[in-house]
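Encoded as structure tokens, the structure appears first; notes follow it.
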Amino acid sequence: MNGRNLFFFFLFVLPSGLQAQFAPAAGQAGTTAINKDSSAFVSWAVSCKVNRGFINIEDTTETYTEGDTTSNRAFFGTPENAVGKPEGALEVVSLGDGGNAVLTFAHPITNGPGPDFAVFENGFQSQAAPFEYYLELAFVEVSTDGKRFVRFPAVSLTQDTAQIDGFGQLNPEKIHNLAGKYVTDYGTPFDLQDIADSTGVDIDSINYIRIVDVVGDIHPAYARYDSQGHIINDPWPTPFWTGGFDLAGVGVIHEKQVTGTKYINKEKWIKLFPNPAQNVLILQSIKATPFIATVFAADGTKMADQEFNGNELHLSVSSWPNGFYVVKIQQGKTLIIKKIIIRH
């Protein structure tokens, strides 16, 4: 089993049934949610263009009035709300049924180890049984040239025989590679390696990200489908000015230019082992020069931050939860990023 397959083996819990269960909600063990304040983010989107969808795709004549505005399309928020770091549940732009937003960045996003960017929405946990989550979902697509977009292979294992109503609930463990999986202030991560075999896009030079509302209507005439042919069922209808996916921002984890620092994807002077690690992680350098090692959990929590001047650094990981971690190693103006797995 290669390292990437091993990562997904531990990321997802595979029950005895046919349907996989994916990473759980933010704050739960094994989550992949990344907090907006995580130091894993190196930059944020710098522009956003929005094409609003209808508030009710089955009846495009239906309108909603708020203040002096009446429209049959979502109109809450402005595109600028999706630029920069998310600022709260109301600082969003609503896309409406099937609406989309295209975001650009100061520097191209590149394929590094683990997640490369994260998308933020304003979902929340329900206060009524079964105490799951109000989530509005969206497809995520990327492009190098702004013309050819490639969609991440999304999976929705939510039942599609009964419509989830406009105030219904979803289980994040049945959702993968769909933006909106996590609640306010927690981003859904995306790894460009997932689309490495795609044509017409350079995963080491992504300049555009497109967010497309999934609609959520299970009627065959309006339904949207995941990469496995499942209808995607999410709260619908939402015939308000806030209808559809509420985009709060997109944070970049790996970009081509890192503030004057040279990013190295393949290197020989530093080794990390064992991987998976159980009790101790060893960083071994063939250079007796100072470096700084910083380790982050998948949710952005900083687990270690240590300067070192020798050849070998031992980090105790016996108390760290099982899961995926990112190690950032800074040596002068060289930045190395590696991924590890902790398995007890």
Side-chain angles (χ1 to χ4, degrees), residues 36 45 47-104 119-128 132-141 156 158 160 162-170 175 178-188 209-224 231-250:
K36 68 177 183 178
S47 75
C48 177
K49 293 183 178 180
V50 176
N51 179 27
R52 308 266 194 171
F54 295 108
I55 64 172
N56 184 347
I57 199 169
E58 287 196 19
D59 180 4
T60 59
T61 66
E62 183 174 359
T63 62
Y64 185 83
T65 299
E66 181 68 27
D68 296 329
T69 302
T70 298
S71 179
N72 62 344
R73 295 178 181 269
F75 57 95
F76 181 83
T78 66
E80 289 73 25
N81 287 348
V83 173
K85 185 177 178 180
E87 296 181 358
L90 298 180
E91 295 298 315
V92 299
V93 55
S94 299
L95 302 187
D97 287 351
N100 68 76
V102 177
L103 302 105
T104 63
V119 181
F120 289 75
E121 212 258 358
N122 64 349
F124 56 89
Q125 185 170 13
S126 176
Q127 300 304 302
E132 292 186 318
Y133 296 83
Y134 181 83
L135 307 172
E136 293 176 300
L137 307 175
F139 296 113
V140 175
E141 303 170 346
S156 171
T158 303
D160 60 7
Q163 179 68 56
I164 296 174
D165 66 37
F167 298 97
Q169 301 178 32
L170 291 176
I175 299 166
L178 283 165
K181 174 183 170 80
Y182 295 125
V183 297
T184 299
D185 293 340
Y186 287 89
T188 303
I209 293 179
R210 184 162 63 192
I211 311 298
V212 184
D213 176 75
V214 302
V215 180
D217 187 350
I218 65 171
H219 189 291
Y222 307 98
R224 302 295 192 267
I231 290 176
I232 302 175
N233 191 0
D234 82 354
W236 188 90
T238 53
F240 317 108
W241 64 326
T242 57
F245 187 85
D246 300 314
L247 178 61
V250 176

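Excluded from the calculations below are hydrogen atoms, water molecules and symmetry mates; all remaining heavy atoms, backbone and side chain alike, are included.
Distance CD/E58 to OH/Y222: 5.0 Å, rounded to 0.5 Å. The distance from atom CZ of F240 to atom CZ of F75, rounded to the nearest 0.5 Å, is 12.0 Å. To the nearest 0.5 Å, atom CD1 of residue I57 and atom NE2 of residue H219 are 11.5 Å apart. Note: D185 CG to F120 CZ = 8.0 Å, rounded to the nearest 0.5 Å. Between the OH atom in Y133 and the OH atom in Y182 there is a gap of 10.0 Å [rounded to 0.5 Å]. Considering CG of N122 and OH of Y186, their distance stands at 15.0 Å, rounded to 0.5 Å.
For the pair L137/L135, a side-chain contact is recorded, criterion being any heavy-atom separation below 4.5 Å from C-beta on. Using a 4.5 Å cut-off on side-chain heavy atoms (C-beta onward), V214 and S156 make no contact. For the pair V119/L247, a side-chain contact is recorded, criterion being any heavy-atom separation below 4.5 Å from C-beta on. Side-chain contact between T61 and N72: absent, with no pair of heavy atoms (C-beta onward) separated by less than 4.5 Å. In this structure, D246 and E136 have side chains that are in contact, with non-hydrogen atoms separated by less than 4.5 Å. Here the side chains of W241 and I55 are not in contact, with every heavy-atom distance at 4.5 Å or above. Counting heavy atoms from C-beta outward, V92 and F76 have side chains that approach closer than 4.5 Å. At least one side-chain heavy atom of R52 sits less than 4.5 Å from a side-chain heavy atom of V93.
One N or O on the side chain of S71 and one on the backbone of R73 form a donor-acceptor pair closer than 3.5 Å. In this structure, K181 contributes its side chain and T188 its backbone to no donor-acceptor pair below 3.5 Å. At distances below 3.5 Å, not a single donor-acceptor pair connects side-chain atoms of Q163 with backbone N or O atoms of D165. Between the side chain of Q127 and the backbone N or O of Q125 there is at least one donor-acceptor pair closer than 3.5 Å. Remark: side-chain polar atoms of N100 are not paired, donor with acceptor, to backbone N or O of I211 under 3.5 angstrom.
Side-chain polar atoms of N233 and T158 form no donor-acceptor pair below 3.5 angstrom. The closest side-chain donor-acceptor pair between D97 and W236 falls under 3.5 angstrom. A donor-acceptor contact under 3.5 angstrom links the side chains of S126 and Q169, judged on distance only.
Nearest approach of A82 to L103, heavy atoms of both residues: O-CD2, 3.8 Å. Between A138 and F245 the shortest heavy-atom distance is CB-CD1, 3.5 Å. Across every non-hydrogen atom of A179 and V140, the tightest pair is CB-CG2, 3.7 Å. The shortest heavy-atom contact between T184 and G88 is CG2-C, 4.4 Å. Looking at every heavy atom in both residues, A74 comes nearest to G243 through CB-O, 3.7 Å. Residues G166 and P235 share a closest heavy-atom pair of O-CB, 3.8 Å.
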Review point. Could you walk me through whether E141 and V212 pass the side chain to side chain contact (heavy atoms under 4.5 Å, CB included) check?
Key: CA-CA 8 Å; E141 303 170 346; V212 184; 4.0 Å; yes
Review point. Is there a side chain to side chain contact (heavy atoms under 4.5 Å, CB included) between F139 and L178 once you walk through the steps?
Key: CA-CA 5 Å; F139 296 113; L178 283 165; 3.9 Å; yes
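By the salt bridge (Lys or Arg N to Asp or Glu O under 4.0 Å) test, E91 is found to be paired with no residue, residues two or more places apart in sequence or in another chain being considered.
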